[in-house]
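Please read the structure below before turning to the comments.
Starting from 1, each residue takes its place in the sequence as its number. The analysis underlying the following values was restricted to heavy atoms, covering all of them including side chains, and did not include hydrogens, waters or symmetry mates.
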Amino acid sequence: MGSAEGRQPSRPRNAAATRERLLEAAAALFARNGYEATTVSQVAQAAGFSPNLVTRYFGGKEGLFLAAMETRLNLDSTLPGSIDGLGRRLADRIVDRWERQGDADPLLALLRSASSRPAALGEFLEQEATAPLTRALVSWGFSDHQAVDTANAIQSFIVGTVVTRRMLHTGAVAAATGPQLRDWLADVLQRLVDEGAEADSPRLPAPAAPQRGTRSPEPDQSDTPEARS
């Protein structure tokens, strides 16, 4: 047996650093494999820890997924400015995010996990994309129905582009260079904005109240029955 003097004293674990490493590993694996195909053991191994730490910090796989998917699009820094340049600002924001986060983008994880965790994706898109876009469009003079229609068209187009380029990897959208993609996105997004401003009747129904088991976001005062009347 070695003497006590020869043994290295154990270092206290930094809880915050451990949690962050687990979240980084989880975000990357969920983005690459989706929810069902990712295991707690895989996440723990990638982070360099024991699987029981996932239970300790997050309560299990479900809690880990929800924590790893807590991300923000932060459109508040993109929306301000002239509406004539909104398409370009959104395009730059989208491509910059893809280039910065790569395969660890939580949006990819949410999309790949949509079949088993649809509420997580729906809540993310509503809170981080549709709702702030709708509010911004109303502030630019869109009617309520024009803003709802246009925001949902933009959201659906962006999600389709993400799936085509980053998951299916097929077609012209996937083959485009970064600059080509920016220009194409800017053009299509601006056309959606411009056409939405000309719509004279609702094309989509008013959004219904969310019905899900997860906690609901704080009510948006601009979406109350009084505000829509």
Worksheet item: V95, L168: one ILVMFWY side-chain cluster at the under-4.5 Å cut-off?
Response: yes
Worksheet entry | Between OG1 on residue T150 and CH2 on residue W140, distance to nearest 0.5 Å | 11.5 Å
Practice prompt. Would you confirm whether R165, through its side chain, and A176, through its main-chain N or O, come within 3.5 Å as a donor-acceptor pair?
Written response: yes
Worksheet item: Is the shortest distance from a Lys or Arg side-chain nitrogen in D183 or R88 to a carboxylate oxygen in the other one below 4.0 Å?
Response: yes
Worksheet item: Under the salt bridge (Lys or Arg N to Asp or Glu O under 4.0 Å) test, which residues partner E198, sequence neighbours left out?
Response: none
Worksheet item: Going through the distances and angles, do L90 and L185 end up as a side chain to side chain contact (heavy atoms under 4.5 Å, CB included)?
Response: CA-CA 8 Å; L90 287 172; L185 283 170; over 6 Å; no
Discussion item. When you compare the side chain of T161 with that of I94, does any pair of heavy atoms fall below 4.5 Å?
Written reply: no
Worksheet item: Under a 4.5 Å side-chain heavy-atom rule over Ile, Leu, Val, Met, Phe, Trp and Tyr, are M167 and I158 clustered together?
Response: yes
Worksheet item: What about F157 and L125, same hydrophobic cluster or not, with Ile/Leu/Val/Met/Phe/Trp/Tyr joined at side-chain heavy-atom distances under 4.5 Å?
Response: yes
Worksheet item: Is there a donor-acceptor pair closer than 3.5 Å between any side-chain N or O of R112 and the backbone N or O of N33?
Response: no
Worksheet item: With a distance cut-off below 6.0 Å to the six-membered ring centre and an angular limit of 45° from the axis, does K61 pair with Y35 as a cation-pi contact?
Response: yes
Fill in: Side-chain heavy-atom pair F124, L107 within 4.5 angstrom cut-off
yes
Worksheet entry | Test item: R89 side-chain N/O and T78 main-chain N/O as donor-acceptor pair under 3.5 Å | yes
Worksheet item: Step by step, would you call D96 with R182 a side chain to side chain contact (heavy atoms under 4.5 Å, CB included)?
Response: CA-CA 9 Å; D96 286 346; R182 286 177 190 268; 2.6 Å; yes
Worksheet item: Going through the checks in order, is the side chain to side chain contact (heavy atoms under 4.5 Å, CB included) test met by Q190 and L86?
Response: CA-CA 7 Å; Q190 192 62 49; L86 179 59; 4.2 Å; yes
Worksheet item: Would V138 and L192 show up in the same hydrophobic cluster when neighbours are defined by side-chain heavy atoms closer than 4.5 Å?
Response: no
Item to complete: Determine yes or no for a side-chain-to-main-chain donor-acceptor pair under 3.5 angstrom, with N152 supplying the side chain and V148 the backbone.
Response: yes
Worksheet item: Are the side chain of Q180 and the backbone N or O of V173 linked by a donor-acceptor pair below 3.5 Å?
Response: no
Practice prompt. Would you check if F142 and I83 make a side-chain contact, meaning some heavy-atom pair closer than 4.5 Å?
Written response: yes
Discussion item. Any heavy-atom pair between the side chains of L23 and F58 that's under 4.5 Å?
Written reply: yes
